[in-house]
Amino acid sequence: MADYPYQEIEQKWQRRWERHKTFTTPTRPDTSRPKYYVLDMFPYPSGVGLHVGHPLGYIATDIVARYKRMTGHNVLHPMGFDAFGLPAEQFAVEHGVHPRETTEKNIANMVRQLKALGLSYDWDRAIATTDEDYYRWTQWIFLQLYNSWYDVEADRARPISELEVRLAAEDPSWTARTEAEKEAILGEYRLAYLAEVPVNWCPQLGTVLANEEVTNDGRSERGNHPVFKRPLKQWMLRITAYCDRLVEDLDLVDWPEPVKIMQRNWVGRSEGARVDFRIDGRDDQLSVFTTRPDTLFGATYMVLAPEHPLVDAITTDAHRDAVAAYLRDASERSDVDRMADAKSKTGVFTGAWAINPAGGKRIPIWVADYVLMGYGTGAIMAVPAQDERDWAFAKTFDLPIVRTVSPPVDHDQDAPYTGDGPAINSSFLNGLHVVDAKARMIDWLEETGNGEGTVTYKLRDWLFSRQRYWGEPFPILHGPNGEIQAVDEEDLPVKLPPMENFRPEATDDPDAAPRTPLSRAPASWREVELDGVTWERELNTMPQWAGSCWYYLRFVDSRNDNAFVSPDLERYWMGENGVDLYVGGVEHAVLHLLYARFWHKVLFDLGHVSTPEPFGRLFNQGYIQAWAYRDARGVAVSVEDVVDQDGRPAVEVQDQPGRQFFAHGEPVTQEYGKMGKSLKNAVSPDDICERYGADTLRLYEMYMGPLEASKPWNTRDIVGVNRFLRRVWRNLVDADSGEPLVAEQEAPRELLRALHKTIERVTVDMNRMSFNTAIAALIEFTSELVPLDRIPRTVAEPFVLLLSPLAPHMAEELWERLGHASSLACEPWPEADPALFEDDQLEVVVQVNGKVRGSIRVAADAGKDTILSAAKADENVQRHMENGTLRREIYVPGRLVNLVVS
RNA sequence: GCGAGAGUGGCGGAAUUGGUAGACGCGCCAGAUUUAGGAUCUGGUGUCCGAAAGGACGUGGGGGUUCGAGUCCCCCCUUUCGCACCA
């Protein structure tokens, strides 16, 4: 080795960039130039540090950032840390130190690792969500939510004070109400509100979890502990007010289509109707939501979810015991069991009957757990003939089935029919197809007062409090009589109190009352005296998601003490499309992106930001995967300990067929999965940087394949790009003297042509983030340089610039040795001259009947006739044309000739 | 079950609108250089037939459109991801 002193060079330039603040974006940028805001989804500062999978996206955005600087943009390219939340806290608990200490140590280590990759972040803007200067504004945004309501008519959020004015004007008794009464009403409107809701209570974690943090089988995503439903008073955010806009505004952004689909599905908008059923012999009615109002005549029974509030009231004495037994069973059945036998339906008759408003028939009301309380009204009208689930239930309990959509003749008689067809057995709907029948039925429901057309959403309001220490405290005070008061903006931040014991109160008892860590905080923190009254602080903290909901805004103006962001800087950096490029993994396709969009829209409505959407363009990088090995017990074995049957290390042969693998003499099985510590297949960037250098690591990660694809890490393959870099070095630097091997003379035409072709290819590839092919182009061009003793300066300099976003350390060093005193970071990007890269000779392929039979070289300006006759003159072509007559001649300019013969 | 994506040499991958399939890299083979190893350089490398020229086959499978299909259309298989009794 030794011909390319990468360690020396990389340290030198990393230090120089830092000292010269090369990548610091001025607080007041020259706004006459275009801006480019390129952002990574910021990481948790975890204790184990990075593996080579993490920086994949960071390297890509760094290349984009460097490229954009060279094309005349003001670039904003910051990095920060999502440092609150369960992982940080649990790490701290396990290691017995304060989370702040752990967090800071982890951040420092991660910063070191990131800097070692030569990433051109503006570190002066770095933030952690745990900084008091940061979460002060997280709390401030929470107050914006708390102090706002959603005006449905104006279709936007407005200050709650405006609602008070309106209520006072509309309701003469308003002024006479007590403060508590007023607050109770306002609480129904606030975007942040307290509510007693059934929540996912996890005793072992000592906290409640959002639905999204609970797995399908009713366990915590983190730690896999049992989770129980229980009612608790919690802070909620009224994200449901934004359902429609969260769906509609997806049309405004350039995001991967699958992510948009996932978001739409998550919001789960569905159009249908509310239908009210009278309960026979009672005054109250039962409302259901259906997407198939056209099938109302086929509704032969009704079903309530076990948790439905009317169950108890309508159940007749004769059925009371059976219903009670069923409810008990249902509450004990875990979601797993419910899922496992989704096909076999269970349920119980309540003894009550409803009246189908269409036709007036009496239909039985059942309770069954296939109806979920969390969707629609928690009750359904069952139409077995047109619904799979209702059909299965009706068959199980022998309930009547009436077809109201005529199935096609070939349709299975013993199956429900959910497709389109003319209505039958449906009075005034008969003959209408589904779409028209729906519309007609909705009209009828509205005319007769039996219901109305409505829209239902799957998305629920966002459960926003956690029983944790390591999160943002709420800026909220509770009065002695249950009053609620926001902390004054001037008194923010509400800092986390220093505590010795910040552990959550874990217990195995599902009924244990939650005691949050902050409830053990000293009274001096917990209690606040205002005008002689003692208020107690809110003792919950905010969830992990809070800090990551708005960090992209803070980066714009991260040291501002007077505002969360100054309006003019926000307008410049977030202008037009918000963040111009946002790169991260698909795992954030729904939650983080939906929550951040929601906050952004609230801030937009209140006039604090200027764009309706935060992230104009989203890009999901793929995962880095790797081979992994397990022993006979199924325990993951470190890859380094594995060899094949010939004793060759697994890393060299793991992608080849016909191998058996062994660790310590024992056979192991091979599998393939996402890189990480659980599979023991993680590779540290530190090791790769030490052995090959950061430029090689950057190049390899980009060269592996398309950025959006998941692909396997193969340490063996790294030598390829490393050889390339060393070749570049040898070509441009004299091994003995270290002098640049450049020639101050004109470049030969052929070399210039190759250079400009390369500029063109690399530029196109940069713009479409196709870095693997950009590198391939540079490798090909380098082969042209190899035979030269000296490289003409007019070729060497553009080449170094082309290389610089990808391998910045080497490029800077070469640039300096070529005689430049300052960094190339803002040098103009080379421009391809079409006059130079066009060939004067073309190679045209000649096909006979679509098969390649030869190729001819012609002058670039040759006409069609010349080319055709040259094609026909080719010896091999003639041989294939002998046995037929020429029927057709196809000429694709500059590419190929196809002669059709029969 | 529903929805989305992906299947190309031994491996990673390339082929922007239908126009030479396999660029570039790894690995492998051969040669040069070197005391040796390493490194470097040169050439070769989809499969099959052939000494070569050349030919046949070939982008998960089957059909189709076209002068021409990895690319467009229909059916099927495999696989990854997301959602999952959402009325």
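Computation of the quantities below employed the complete heavy-atom set of this structure, encompassing side-chain atoms and omitting hydrogens, waters and symmetry-equivalent molecules. Within every chain, numbering begins at 1; the chains are lettered A, B, ... in the order of the sequence lines, protein sequences first and strands thereafter.
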- Which residue, Ala776(A) or Arg768(A), contacts RNA chain B at a nucleotide closer to its 5' end, judged by nearest heavy atom? Arg768(A)
- Task: Check the surroundings of atom CZ in Arg264(A): do more than 12 heavy atoms from other residues, nucleotides or ligands lie under 6.0 Å from it?
- Result: yes
So [X], base contact, sugar-phosphate only, or nothing? Heavy-atom distance under 4.0 Å.
X: Thr291(A); value: sugar-phosphate
X: Ile779(A); value: sugar-phosphate
X: Asp390(A); value: nothing
X: Glu889(A); value: nothing

For the side chain of [X], counting heavy atoms from C-beta on, which of [options] is nearest?
X: Val764(A); options: rU16(B), rC41(B), rC26(B); answer: rU16(B)
X: Arg727(A); options: rA15(B), rG25(B), rC26(B); answer: rG25(B)
X: Arg723(A); options: rA23(B), rC85(B), rU40(B); answer: rU40(B)
X: Lys851(A); options: rA87(B), rC85(B), rC57(B); answer: rC57(B)
X: Ile261(A); options: rG3(B), rC83(B), rC26(B); answer: rG3(B)
X: Leu372(A); options: rG19(B), rC85(B), rG55(B); answer: rC85(B)
X: Arg895(A); options: rC24(B), rA87(B), rG19(B); answer: rG19(B)

Phosphate OP1/OP2 of [N] contacted by [X] side-chain N/O (<4.0 Å):
X: Arg726(A); N: rU40(B); result: yes
X: Arg853(A); N: rU20(B); result: no
X: Arg730(A); N: rA39(B); result: no
X: His880(A); N: rG55(B); result: yes

- Hey, is Asp646(A) close enough to Arg659(A) for a salt bridge, meaning N to O under 4.0 Å? yes
- In terms of side-chain geometry, is the basic nitrogen of Lys872(A) or Glu889(A) positioned less than 4.0 Å from the acidic oxygen of its partner? yes
When the distance from [atom1] of [X] to [atom2] of [N] is rounded to whole Å, what number comes out?
X: Met702(A); N: rA14(B); atom1: CE; atom2: P; value: 14 Å
X: Glu784(A); N: rU42(B); atom1: CD; atom2: P; value: 12 Å
X: Lys395(A); N: rC85(B); atom1: NZ; atom2: C1'; value: 19 Å
X: Lys674(A); N: rU80(B); atom1: NZ; atom2: P; value: 16 Å

Could you list, one pair per line, each protein nitrogen or oxygen that sits under 3.5 Å from a nitrogen or oxygen of nucleotides 5-13 of chain B, together with the distance?
{"unit_1": "rC11(B)", "atom_1": "O2'", "unit_2": "Asp655(A)", "atom_2": "OD2", "d": "3.1"}
{"unit_1": "rG12(B)", "atom_1": "O2'", "unit_2": "Met704(A)", "atom_2": "O", "d": "2.6"}

- Query: Applying the side chain to side chain contact (heavy atoms under 4.5 Å, CB included) test to Asn731(A), which of Leu741(A), Val786(A), Leu788(A) qualifies?
  - Reply: Val786(A)
- Note on the structure: For Ala382(A) and Tyr370(A) the tightest heavy-atom approach is CB-OH, 4.4 Å
- Query: Centre of Trp627(A)'s six-membered ring, under 6.0 Å away, within 45 degrees of the axis: is that where NZ or CZ of Arg716(A) sits?
  - Reply: no
- Cation-pi check, Lys674(A) to Tyr623(A): give yes when NZ or CZ is under 6.0 Å from the six-membered ring centre and within 45° of the ring axis, no otherwise. yes
N/O contacts under 3.5 Å, protein versus nucleotides 64-74 of chain B?
{"unit_1": "rC67(B)", "atom_1": "OP1", "unit_2": "Arg888(A)", "atom_2": "NH1", "d": "3.0"}
{"unit_1": "rC67(B)", "atom_1": "O2'", "unit_2": "Asn898(A)", "atom_2": "ND2", "d": "3.4"}
{"unit_1": "rC67(B)", "atom_1": "O2", "unit_2": "Asn898(A)", "atom_2": "ND2", "d": "2.4"}

- Task: Assign the ring pair Phe393(A) / Tyr301(A) to parallel, tilted or perpendicular, where the plane angle (0 to 90°) is split at 30° and 60°.
- Result: parallel
- Message: Can you classify the ring geometry of Tyr375(A) versus Phe289(A) as parallel (below 30°), tilted (30 to 60°) or perpendicular (above 60°)?
- Response: perpendicular
- For Phe781(A), does its backbone N or O pair with a side-chain atom of Thr758(A) as donor and acceptor, under 3.5 Å? no
Searching all strands shown, indicate the nucleotide that pairs with [N] (Watson-Crick or G-U wobble; both distances under 3.5 Å).
N: rA36(B); value: none
N: rU45(B); value: rG27(B)
N: rG7(B); value: rC77(B)
N: rA21(B); value: none

- Message: Say we look at rC28(B) and rC11(B): how far apart would their P atoms be, to the nearest angstrom?
- Response: 15 Å
